[in-house]
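Naming: A, B, ... by sequence-line order, numbering from 1 per chain.
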2 protein chains.
Amino acid sequence: MGRKRSNKPTSFDIAYIAGVSQPTVSRALRGSRSVSLATRQRIEAIARELNYSVDKNASSLRSQRSNTIALLFFEEPGPEESTINPFFLAMLGSITRSCASRGLDLLISFQKMEDDWHVRYQDSHRADGLILLGYGDYTLYEQRLTELVDHGTHFVRWGSVRADNIGPTVGSDNFGAGQMAGEHLLSLGRRRIAFLGQADEHYPEFADRYRGLCAALGQGGIASDPALQCDALNFEDAGSDAVEALLATGAQFDAIFAASDLIAIGALRALAAAELKVPADVAIVGFDNQPAASMSNPPLTTLMQDLKAAGELLVETLLAQIEDRPLDNRTIPAQLIARRSTLG
Amino acid sequence: MGRKRSNKPTSFDIAYIAGVSQPTVSRALRGSRSVSLATRQRIEAIARELNYSVDKNASSLRSQRSNTIALLFFEEPGPEESTINPFFLAMLGSITRSCASRGLDLLISFQKMEDDWHVRYQDSHRADGLILLGYGDYTLYEQRLTELVDHGTHFVRWGSVRADNIGPTVGSDNFGAGQMAGEHLLSLGRRRIAFLGQADEHYPEFADRYRGLCAALGQGGIASDPALQCDALNFEDAGSDAVEALLATGAQFDAIFAASDLIAIGALRALAAAELKVPADVAIVGFDNQPAASMSNPPLTTLMQDLKAAGELLVETLLAQIEDRPLDNRTIPAQLIARRSTLG
DNA sequence: ATATTATGCGTATACGTATGCCTTCTTCCT
DNA sequence: AGGAAGAAGGCATACGTATACGCATAATAT
């Protein structure tokens, strides 16, 4: 039965007990070299005994550094209101761990791209920097990013890594992954490969995947047929709609590369409805290796991104940005997970 | 091209421009009634124009209230290191939104139950309170909870709602849900229903579900057979192991109620391996309505918890706790989602 | 008319820490 | 021995806000 209103010990209390001044306590606990080893150990012992912990608000206020970063998810433009992209959710785990291992606190928030999210974090000293996750309308996104840069706000973004990006960006090697998907399908003898996903520059990651696919086709001596590219945003119904549209055009195809697993799963549904066998009639490759990908019927061949590396790199890049260290955009390789949707 | 080092405006700047004192600015922006309407509006206009935002650290330090809550996930004791229980992940979305709508910041973190997680948040004024999510060894959990209570730390916990809980608890109506599962299976003519999941009081939620099932059986005039209860922790392999163990005993059963979808999916795998048809030979009901539940083969009948209500209630209860308002443990009803794993 | 209360705002200060600067005491070099 | 340089720590103060208190002026009561 402890007191309800425990008087939290301060650095002054410790100083008094240790017979030193408050600043010395602060220096000792922060590991300053100008405190003797003996003094520091004495102070540390007292701190431990009192169950002291540094007041975060005071510390952040004084040092103007919160050791906190904010993770902002942007909701998809798709129809579902409440569901969050599972890929980003998975990334959350990895980012959280990266922060924890560096002693950083992590603030998280979901935003609509249209909202004034940039206002809430920039000046309030809530966070030292932002990690931005989410696709969405790239034109609007670019505008926001420009505002952040102009304002001097620190941030990293997950997305398509290009030379002319606004602000530092970390992302998968989407081009390389698209190539792998293409090569995989070519090696299985497929020649007419459809791409389900936006291929325009408003959706740069999808576009990169498509360009990778085209590159693989080119190397295989096959011209890519624009009729086999079919727009789809990142949700399941978009996938089935796209397949239906493709079938309606009468286009011939023996494989599909879907820009995401969600799209691929929708596509599977539409193919089943059209009585097409997977992979006998149509082989299909997804992207993201979501949990659902191994549960689908048949299990989905897909491209797995290294989430652990991704989270690590995001945090590392953001810190570099905050501490004004030089930083280089970097790309994370993907890996093909072959399952029965292509292997049969 | 904004300045990199923008001199953030303070309440003093606003005061100067408005021709009032700094405290008046503070009062105006916080909506104190002791500032005249005219003055307040003038101040608000200036603040908007300067893009002013209250410094969170200073505000929290002075008021001793951070308007931040921390969400702590406890990792499963199971084998997977990096994966997070999808149910809690889904809850995250709902909690985030509840916080956002109340203007609260949300700090998140994953912990091992063994860690000293209670130290980091209690005194540092990082957060006003904690939301605890996760199962795990209940004995250890209880010990930690007692420490929190003794220390006067505010928290709410997701779990089994009982009269003798340590600290406020919000949870699904696991007993009622277990009953629904039982009634559903009984109504389909099943009589020998196995339960996969821990049924002892170290895992109170699973135990509640089991008791609910037994109650339904009792009302149907059927004695529950202890031989049909088979321990399983919350991961996939536990489900298949349990089914294999059950089959090995030679026990007869025509239905399974699994304590979670993960367990159910593992069970499906083992049943398929044993060449048992679902639902013809064995009907199966899961719990959680995870995304994967609709993807399995056959799609899984399961119990859906109202996550939106859950998040809302967790936050509401925590705030009540923080503000010392009276609070009552409350329970959230579940809903049965019937799919082909029972309907055929 | 005087006593009373409410309104609107300024004064002073506290919240708890981190850091620039200065002082003291050693140590070491020439 | 004298002075320079380094080690260890104290002193003063700043970070930006919120709030207890007091003081006018105005409104109301008696």
Q: Please report the distance, rounded to the nearest Å, between CZ in A/R42 and P in D/dA8.
A: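 My rounded result for the distance is 13 Å.
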Q: Please round to 10 degrees the angle between the axis of the first five pairs and the axis of the last five pairs in the helix from C/dA1-D/dT30 to C/dT30-D/dA1.
A: 40°
Q: Tell me which of B/S60 and A/S21 sits closer to the 5' end of DNA chain D, going by the nucleotide each one is nearest to.
A: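 Going by which nucleotide is closer to the 5' end, it is A/S21.
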Q: Taking it one step at a time, do B/N51 and A/H151 satisfy side chain to side chain contact (heavy atoms under 4.5 Å, CB included)?
A: CA-CA 11 Å; B/N51 237 307; A/H151 203 83; 5.6 Å; no
Q: Does NZ or CZ of A/R144 fall inside the cone over A/F74's six-membered ring, less than 6.0 Å from its centre and within 45° of the axis?
A: no
Q: A/L106 and side-chain contact (heavy atoms from CB on, under 4.5 Å): which single residue from A/V315, A/T68, A/I131, A/L71 fits?
A: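 When A/V315, A/T68, A/I131, A/L71 are each tested with A/L106, the side-chain contact (heavy atoms from CB on, under 4.5 Å) holds only for A/L71.
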Q: Is it the case that A/R126 and A/S124 place a side-chain donor and acceptor less than 3.5 Å from each other?
A: yes
Q: Taking any heavy-atom pair under 4.0 Å as a contact, classify A/R27: base, sugar-phosphate, or nothing.
A: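 Result for A/R27 = base.
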Q: Considering only heavy atoms of chain B and a distance under 4.0 Å, specify the first and last nucleotide of DNA chain C in 5' to 3' order that meet this criterion.
A: C/dG8 to C/dG16
Q: Take the protein atom CG of B/L61 and the nucleotide atom P of D/dA14, then report the distance between them rounded to whole Å.
A: 16 Å
Q: Can you see if the side chain of B/S59 gets near the phosphate of D/dT17 - specifically, an N or O under 4.0 Å from OP1 or OP2?
A: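 For D/dT17, OP1/OP2 do not have a side-chain N/O of B/S59 under 4.0 Å.
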Q: Take the protein atom CZ of A/R40 and the nucleotide atom P of D/dA7, then report the distance between them rounded to whole Å.
A: 14 Å
Q: Step by step, would you call B/S160 with B/R162 a side-chain hydrogen bond (donor to acceptor under 3.5 Å, both in side chains)?
A: CA-CA 6 Å; B/S160 169; B/R162 311 257 178 119; 2.9 Å; yes
Q: Using a heavy-atom cut-off of 4.0 Å across all strands, would you classify A/V25 as base, sugar-phosphate, or nothing?
A: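 No contact at all - A/V25 keeps every heavy atom at 4.0 Å or more from the nucleic acid.
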Q: Please determine whether a side-chain nitrogen of the Lys or Arg among B/R120 and A/D105 lies less than 4.0 Å from a carboxylate oxygen of the Asp or Glu.
A: yes
Q: Working to the nearest 0.5 angstrom, can you tell me the gap between B/Y16 OH and B/I46 CD1?
A: 12.0 Å
Q: Using a heavy-atom cut-off of 4.0 Å across all strands, would you classify A/T39 as base, sugar-phosphate, or nothing?
A: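 Sugar-phosphate contact only - A/T39 comes under 4.0 Å of backbone atoms but never of a base.
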Q: Under the side chain to side chain contact (heavy atoms under 4.5 Å, CB included) rule, what do B/L130 and B/H154 come out as? Steps first, then yes or no, please.
A: CA-CA 6 Å; B/L130 314 180; B/H154 305 299; over 6 Å; no
Q: Rounded to whole Å, please give me the gap between CG in A/D55 and C1' in D/dT17.
A: 14 Å
Q: Hey, which sits more toward the 5' end of DNA chain C by its nearest nucleotide, B/L37 or A/Q22?
A: B/L37
Q: Under 4.0 Å, counting only non-hydrogen atoms across every strand here, what does A/S26 touch: a base, just sugar-phosphate, or nothing?
A: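 Base contact.
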Q: Hey, are B/E312 and B/R97 close enough for a salt bridge, meaning a charged N less than 4.0 Å from a carboxylate O?
A: no
